[in-house]
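Inspection log for the structure reproduced underneath, given as structure tokens.
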Amino acid sequence: MRGKIISTVLSTVILMTMMVFPVSANSDVNLKTETLDFISTTLSDFAMETTYQDNLIDNSSTVFKQFLDDKRKITNLKQELSGAWKLMSEEVTEFSAERLNDNIYEVTCKIKYDFIVEGQEDLFHIVEGYKLNVFFEDGKLKVLAAMSNGLSSGTIYPYNIVTQEQDFDLSIFLNDTSAKKNKTDYDIDEIEKRLITAHDQMVNEQNMKSSKESEDDFLEEGTVTTDSVSQKSITWNFFSSSEKSSMTTYQNNWHDSFNPNYADFSGSGGDCTNYASQILRAGGSAFNEYSGSGIWGDTYWYYRDSSNRSTSWTKAENLKNFLLRSNNTLGPKARVVSRFQDLDVGSIIFLGSSSSPYHSVIVHTAGGDPIVTAHSSPYKGNYSLRYSGSSHTKVEVRGYYD
């Protein structure tokens, strides 16, 4: 069955860093080892049915058990639609634990997975964050609640894909309150329908003859016009082949790490748009700078440092507004399109409502199901594997004024 994860693991590398264990000496080793074992065998998107250890989940954790069952449904459905996932390697990059009370520990960690998809040659990557509440019973690990921001959890709770693991809300599994019930009130049948509908739409698009929409809203290459703000002459440029190549290279180099030339905004609202702006800049896009200092809105697009930049550099809504501005001013410019196959390298898919997107995903390789990359939790892979079924706006970034 295509929905079953192919079990062969060619290489597994476990590297543990940032380990803090303010717990008793007798439980240190068990806590590390058994928590990672539970993730690998039971919680991970790449866990196999033959390795599940559901017996380690506390009997009182009924809401979490239901979530885990639903998470597995999403995992299997995505593979049935797009091909089975084959895990190539995994690497634990961060791990920490804190004692909450005499018996319960809160564990957070990050694990990088390299994998391929049946029928494709590309090696994909995702860094999944995990947060768990665990305790020991008769010397054996028991799990009260857990959450991740991976391929399936992010489909059920979309905002998890821009949330760091330390900020995951485990109270939705632990508190029997109306607030908890509201937060966990998702319709798994509706989610599955959205995934199938989105897949069918992608297939239909790929079967249609590709034809670009009208280009009347863009000037010809090299056209000289006047910046409506500065009144200076500027030139329109479509991204060249070499500029597209530069954007692809930048994504290959930085999709799963952070360029030290820029601040990392992961812990302050998310790094996704900061990362997308960096790629557009790597493709030759000119800055549109404010002459003063400080942080300014979506009229501009530039970065000097973390406290001297435009909000359009770091916030999805503001970048979208800047790219779709009606006037001709310095910097990259774009238009909304209806099909994935109309997007090219450097184009951006904004997740969320059209008026208030919360996430920026940038195209790495064009296609009916494009390969995309994103921060804050790093990802490189087909759009559908992580984001299918999400409300979004497709924005074709075609070039820039300089």
Side-chain angles (χ1 to χ4, degrees), residues 14-23 27-28 30-47 52-54 56-58 60-72 74-75 90-101 103-113 126-136 141-175 177 179-180 183-184 186 264 266-271 359 375-379 386:
I14 304 297
L15 173 65
M16 298 183 186
T17 61
M18 298 178 61
M19 293 188 181
V20 179
F21 290 97
V23 297
S27 62
D28 279 5
N30 285 343
L31 184 61
K32 293 189 297 189
T33 304
E34 294 190 24
T35 299
L36 290 174
D37 183 60
F38 176 79
I39 292 173
S40 177
T41 63
T42 310
L43 183 60
S44 165
D45 284 316
F46 302 97
Y52 292 165
Q53 299 185 85
D54 290 352
L56 299 182
I57 302 172
D58 187 67
S60 66
S61 301
T62 55
V63 176
F64 171 61
K65 287 180 180 179
Q66 183 60 58
F67 165 73
L68 190 56
D69 285 343
D70 292 337
K71 181 176 181 293
R72 291 166 181 168
I74 298 302
T75 298
E90 59 184 282
E91 176 185 358
V92 180
T93 59
E94 296 181 18
F95 193 104
S96 63
E98 179 182 359
R99 174 178 268 167
L100 299 181
N101 57 38
N103 196 36
I104 298 175
Y105 306 98
E106 186 163 274
V107 176
T108 58
C109 68
K110 287 183 179 179
I111 303 178
K112 176 183 174 182
Y113 298 99
I126 185 170
V127 177
E128 294 195 5
Y130 295 93
K131 183 177 181 180
L132 305 89
N133 282 177
V134 303
F135 67 98
F136 283 89
L141 184 84
K142 300 290 285 187
V143 180
L144 285 170
M147 180 59 78
S148 70
N149 56 9
L151 298 171
S152 55
S153 296
T155 300
I156 298 175
Y157 292 117
Y159 282 89
N160 274 2
I161 60 177
V162 293
T163 302
Q164 297 298 289
E165 61 279 353
Q166 64 267 21
D167 298 320
F168 292 159
D169 183 9
L170 295 186
S171 68
I172 60 177
F173 302 129
L174 299 171
N175 301 326
T177 65
K180 179 215 70 174
K183 289 182 180 179
T184 58
Y186 59 83
D264 174 5
S266 296
S268 53
D271 196 63
H359 192 41
H375 284 188
S376 289
S377 56
Y379 176 69
R386 194 172 196 198

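The residues of the chain are indexed from 1 along the displayed sequence.
Every residue meeting the ring-ring contact (aromatic ring centres under 6.0 Å, His included) condition with His375, not counting sequence neighbours, appears here in chain and number order: Phe258, Tyr275. For Lys131, the salt bridge (Lys or Arg N to Asp or Glu O under 4.0 Å) partners two or more places apart in sequence, or in a different chain, are Glu106. Residues passing the salt bridge (Lys or Arg N to Asp or Glu O under 4.0 Å) test with Asp54 are Arg72, sequence neighbours excluded.
For the pair Asn160 and Ser148, the tightest heavy-atom approach, listed with the atom from each and the gap, is ND2-O, 3.2 Å. Contact between Arg386 and Gly150 at its shortest, heavy atoms only, is NE-O, 4.0 Å. A pairwise comparison of heavy atoms in Asp58 and Phe135 identifies OD1-CZ, 3.5 Å as the closest pair. Closest approach of Leu31 to Phe95, counting heavy atoms only: O-CZ, 4.4 Å.
Considering only heavy atoms from C-beta on, Leu174 comes within 4.5 Å of Asn133 through its side chain. For the pair Tyr52 and Thr41, the minimum side-chain heavy-atom distance is 4.5 Å or more. With contacts defined as side-chain heavy-atom distances shorter than 4.5 Å, the pair Phe64/Val143 qualifies. Side-chain contact check for Thr35 versus Cys109: every heavy-atom pair is 4.5 Å or farther apart. Counting heavy atoms from C-beta outward, Tyr130 and Val107 have side chains that stay 4.5 Å or more apart. Thr163 has its side chain out of reach of Tyr157: every pair of non-hydrogen atoms, C-beta onward, lies at least 4.5 Å apart. Side-chain contact between Phe46 and Leu151 is present, with at least one heavy-atom pair separated by less than 4.5 Å. Contact check for Ile172 versus Val63: no side-chain heavy atoms found under the 4.5 Å cut-off.
In this structure, the separation between CG on Leu141 and OG1 on Thr33 is 10.5 Å, given to the nearest 0.5 Å. Interatomic distance, CG of Asp37 versus CD of Gln53, reported as 5.0 Å (0.5 Å rounding). In this structure, Asp45 CG and Lys71 NZ are separated by 4.0 Å, a value rounded to the nearest 0.5 Å. A distance of 7.0 Å separates CD in Glu90 from OG in Ser44, rounded to the nearest 0.5 Å.
Classified by interplanar angle (parallel below 30°, tilted 30° to 60°, perpendicular above 60°), the ring pair Tyr105/Phe136 is perpendicular. Ring planes of Phe173 and Phe67: tilted class, angle from 30 to 60°.
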- Does the side-chain hydrogen bond (donor to acceptor under 3.5 Å, both in side chains) test come out yes or no for Thr108 and Glu165, once each step is laid out? CA-CA 6 Å; Thr108 58; Glu165 61 279 353; 5.5 Å; no

- Given side chain to side chain contact (heavy atoms under 4.5 Å, CB included), test Ser61 with Leu144 step by step and report yes or no. CA-CA 6 Å; Ser61 301; Leu144 285 170; 4.0 Å; yes

- Which is it for Glu34 and Leu56 under the side chain to side chain contact (heavy atoms under 4.5 Å, CB included) test, yes or no, and what are the steps along the way? CA-CA 10 Å; Glu34 294 190 24; Leu56 299 182; over 6 Å; no

- Met147 and Leu170: CA distance, side-chain angles, deciding distance, side chain to side chain contact (heavy atoms under 4.5 Å, CB included) verdict: CA-CA 7 Å; Met147 180 59 78; Leu170 295 186; 3.7 Å; yes

- side chain to side chain contact (heavy atoms under 4.5 Å, CB included) between Phe38 and Val134, intermediate numbers included: CA-CA 11 Å; Phe38 176 79; Val134 303; over 6 Å; no

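Listed for the Asp264 side chain is no donor-acceptor partner under 3.5 Å among the backbone atoms of Asp271. A donor-acceptor distance shorter than 3.5 angstrom exists from the side chain of Ser377 to the backbone of Ile161, with no hydrogens or angles considered.
When the options Asp70, Asp69, Thr62 are evaluated for a side chain to side chain donor-acceptor pair (under 3.5 Å) with Gln66, the one that passes is Asp70.
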